[in-house]
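All remarks here apply to the structure that follows.
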Amino acid sequence: MDSSVRLRFAPSPTGPLHIGGIRTALYNYLFARKYGGSFILRIEDTDQGRYVQGAEQYIIDCLNWVGLVPDEGPGFGGPYGPYRQSDRKPIYVEHALALINKGEAYYAFDTGEELENLRAANGGNQKYDFVTRNQMRNSLVLSEDETNRLLKAGLSYVIRLKVPENQEVQIEDIIRGQVIFKTTELDDKVLIKSDGMPTYHMANVVDDYLMKISHVIRGEEWLSSTAHHVLLYRAFGWLDQMPKFAHLPLIMKPTGNGKLSKRDGAQFGFPVFPISWQPKEGESLLGFREFGFEPEALLNFLALLGWNNGTEQEIYSMEELIQAFSLEKIVKSGARFDFEKGKWFNQQYLHQKSGFPFIQRIKDDFINNGIQVSDEIAVQIFDLFKDRVLFFKDYLQLGKVYFLELESYDSEFIIKKFKPEFISVLQSVSEILNHLEFWNPEQIEVALKEFLKSAAIKPGELFPLLRVLISGIPTGPDAFKMISFLGREKMVIRIYKFIEFINTKKQEA
Ligand code: GLU
């Protein structure tokens, strides 16, 4: 147990969380749990222009669904709140003023037009830095009196970080090793915007410090921002309490180059969001939950997207993941998103399920879809299909044909495989089944195998045919189990309905 280990997941509520966000949350969670520390949710909503209604609740719903429940956060309590940055505005302003007093930050009064001119003079790049700041309207250039006069007059201003000249910023990243930035390449980032709101950099660093964050685990896209973050820790005099950084590899598209984007779901036909999201009325972006994923399977899949402990093991319980996880074993290169692999994980998880709560879940799903089943029938459904399901919803998909009228038969099978002499074969099968003494898969098997021997028909012809007339398609579980599960009466009816169907087709032809 180490209460000084404090990890935070710090999403911005600018839309639905990408699946990579859940991976980031998971790695933070695993690390915190491994060392008995805390997992904190902080909502970084200082960019009011990009704020999206409902996105914060969506983030919380996603974390709850996958079971990564924060120890501290908005709505979760904790000693370092508030955990929503828009509720902490005065804290950032106070800290920015402290930096101005130390000579590490300054007021900048430049108008939009002046900044445009700066951009134009720099070939489209508005680099407000240790050179250009001397040509602009800010408190480094203006006299103290003039600065105070402008502030009193209520002129719009921002507060900028005074990046030191010609220095190096070294980052010891746990995953990437040493990364060095030169301050000559860095601009004087805005810390407080003209609306009084902090920028990401300011709020992020102040909060990580005040919330006593020990490790920052986040996506690779934030690596370049870290240079400014280190400069802020230096400017505040907090270097000895700076968190350790670990920047995660990107999640790449299934094919080609480039990172998996929020738009890729539609293009590749798989979900990229944890749960479905409605950007507007009548539009919905598909989630893993709605696609049918078990949350544990999704987490296991994501855990291995960029991390492996050097063994062949792929299936981990949450406890095993917590024990095995280490930042040192995270790969540097991008991790390719393989949706088929994700489905495989789901299948493996469904295979592991058994027992009462799971049977109850199957039963509830049937009942909710208007099919009344008993516990006993639910157990049979489980046994019949457990080796064939990829997703939980497949139990209903595969099972409902036994309870409802069959809508159609696989026409390709009938055209290619059906022979007229099969009609009398089916009539015999119906007779045999109708007179069977005991109704169970074993008896059905004995009787049908005996029949196969006497009639000149191959098992490879009879069983696909029986499956088609039971479920519509020639593939499926063990035919004897299918017949037994369907029940004697229904089986006889289905044989006759099929014969009737064939006869009608003949007359039509
Ligand atoms: N608010 C940032 C995001 O949306 C957080 C980055 C960080 O973890 O520092 O991902």
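One-based numbering, in listed order, for ligands and for the atoms of each.
Of the protein's non-hydrogen atoms, the one nearest atom 5 (C) of ligand 1 is Ala10 O, 3.1 Å. Of all protein heavy atoms, the one closest to atom 8 (O) of ligand 1 is Arg8 NH1, 2.8 Å. Of the protein's non-hydrogen atoms, Trp222 CZ2, 3.4 Å is the one closest to atom 10 (O) of ligand 1.
In this structure, Phe9 has no heavy atom closer than 4.0 Å to ligand 1.
Note that Arg33 lies outside the cation-pi zone of Phe39, set by a 6.0 Å cut-off to the ring centre and a 45° limit from the axis. Geometrically, Lys393 engages Phe391 in a cation-pi contact, judged by NZ or CZ lying under 6.0 Å from the ring centre and within 45° of the ring axis. In this structure, Lys189 is not positioned above the aromatic face of Tyr128 in the sense of NZ or CZ being under 6.0 Å from the six-membered ring centre and within 45° of the axis.
Taking every heavy atom of Glu44 and a limit of under 4.0 angstrom, the matching atoms of ligand 1 come to 1 (N), 2 (C), 5 (C). Ligand-side atoms of ligand 1 in range of Asn204: 7 (C), 9 (O), range being under 4.0 angstrom from any heavy atom.
For Phe291 and Phe270, the ring centers sit 6.0 Å or farther from each other. Here the two rings, on Phe293 and Trp344, have centers that are 6.0 Å apart or farther.
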